[in-house]
Asker: 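Before I ask anything, here is the structure I am working with.
Owing to the predicted nature of the structure, the values given are computational and were not obtained by experimental measurement. The sequence lines fix the lettering, A, B, ..., with proteins before strands; numbering per chain opens at 1.
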Number of protein chains: 2
Amino acid sequence: MDALARSAGQLGHIIRRRRKALGLTQTDLAGLSGVRQELISRIETGHDGARLGTINSLLAALDLEMTVGPRSKSSAADILDAL
Amino acid sequence: MDALARSAGQLGHIIRRRRKALGLTQTDLAGLSGVRQELISRIETGHDGARLGTINSLLAALDLEMTVGPRSKSSAADILDAL
DNA sequence: GTGCTTTATGTGATTAAGGGCATAAACCAA
DNA sequence: TTGGTTTATGCCCTTAATCACATAAAGCAC
């Protein structure tokens with residue numbers, strides 16, 4: 001299900017988890033997304049200066065999508081998920 | 001409800017809609033978020049080079065949050081919302 | 001229309017992202 | 001442990017985002 005991504009660190013975690021769930025290495029994802037392996041490494045570990053376009057390239061390659069809505073509706077699952 | 005933000009343009013729309021719903025001007029939001037008015041203007045109109053940190057500053061100031069999940073579950077409401 | 005507010009855009013300076021390459025560090029399997 | 005794979009970092013360079021200020025262009029009330 002959807003995971004909360006309020007910070008760059010949380011977003012990085014989501015990306016990493018999904019990548020591994022798909023059985024991909026950072027290098028594989030680099031090939032799919034056009035984003036370099038080194039950059040993927042930095043983003044997955046919480047680099048908050050990444051550009052929106054770069055993030056979107058990764059999400060698209062991982063068949064993920066971003067949604068935006070009002071805050072403060074986080075469930076326990078979301079919180080655990082964000083660790 | 002949560003709105004789909006697959007592109008910078010969609011995200012910009014969401015931000016603008018929320019800002020207006022809160023009765024804020026771009027200058028107000030600039031004060032709240034620390035992001036300059038000119039930049040907010042560019043982001044709201046679909047600037048895809050914005051940094052993740054900048055986007056997060058705006059979302060936080062607007063009391064919005066981002067979630068990430070698998071694609072292709074868009075409802076008609078999401079699609080209309082994204083226009 | 002006039003005036004005021006809000007939003008969009010242009011320029012130059014500063015700062016940082018990402019490209020590109022190298023390599024260290026961590027992680028496994030044999 | 002040793003070797004191969006995967007991930008993390010360091011550096012330089014080019015490009016671009018953001019700052020900062022100014023101003024044009026819309027929008028809106030009166």
Asker: Roughly, in whole Å, what's the span from CZ in B:Arg36 to P in D:dC19?
Answerer: 7 Å

Asker: Side chain to side chain contact (heavy atoms under 4.5 Å, CB included) for B:Leu58 and B:Ile43? Distances and angles first, verdict last.
Answerer: CA-CA 10 Å; B:Leu58 293 178; B:Ile43 289 172; 3.9 Å; yes

Asker: Taking any atom closer than 4.0 angstrom to a non-hydrogen atom of chain B, what span of DNA chain C does the protein reach, first nucleotide to last?
Answerer: C:dT6 to C:dA17

Asker: For B:Thr67 and A:Thr67, test the side chains for any donor-to-acceptor distance below 3.5 angstrom and give the result as yes or no.
Answerer: yes

Asker: Looking at B:Gly53, is its backbone amide N or carbonyl O close enough to the side chain of B:Asn56 to form a donor-acceptor pair, meaning the two atoms are under 3.5 Å apart?
Answerer: no

Asker: Is there a side-chain contact between A:Glu65 and A:Leu59, using heavy atoms and a 4.5 Å cut-off?
Answerer: no

Asker: Would you check if the side chain of A:Arg19 reaches a backbone N or O of A:Leu24 as a donor-acceptor pair within less than 3.5 Å?
Answerer: yes

Asker: Any sub-3.5 Å donor-acceptor pair from A:Thr45's side-chain atoms to A:Ser41's backbone N or O?
Answerer: yes

Asker: Does B:Arg16 form a salt bridge (charged side-chain N to carboxylate O under 4.0 Å, His left out) with B:Glu44? I'd like the steps, not just the answer.
Answerer: CA-CA 6 Å; B:Arg16 169 162 297 182; B:Glu44 286 188 352; 2.6 Å; yes

Asker: Could you pull out the protein-nucleic contacts involving nucleotides 2-8 of chain D (nitrogen or oxygen on both sides, under 3.5 Å)?
Answerer:
unit_1	atom_1	unit_2	atom_2	d
D:dT7	OP1	A:Arg19	NH1	2.8
D:dT7	OP1	A:Arg19	NH2	3.3
D:dT7	OP2	A:Gln26	N	2.6
D:dA8	OP1	A:Arg16	NH1	3.2
D:dA8	OP1	A:Arg16	NH2	2.7
D:dA8	OP2	A:Arg16	NH2	2.8
D:dA8	OP2	A:Gln26	NE2	2.7
D:dA8	OP2	A:Ser41	OG	2.9
D:dA8	O5'	A:Ser41	OG	3.3
D:dA8	N7	A:Gln37	NE2	3.1
D:dA8	N6	A:Gln37	OE1	3.3

Asker: Report the residue from B:Asp2, B:Leu11, B:Leu4 that forms a side-chain contact (heavy atoms from CB on, under 4.5 Å) with A:Val68.
Answerer: B:Leu11

Asker: In whole angstrom, give the distance that lies between atom CG of A:Asp48 and atom C1' of D:dA17.
Answerer: 13 Å

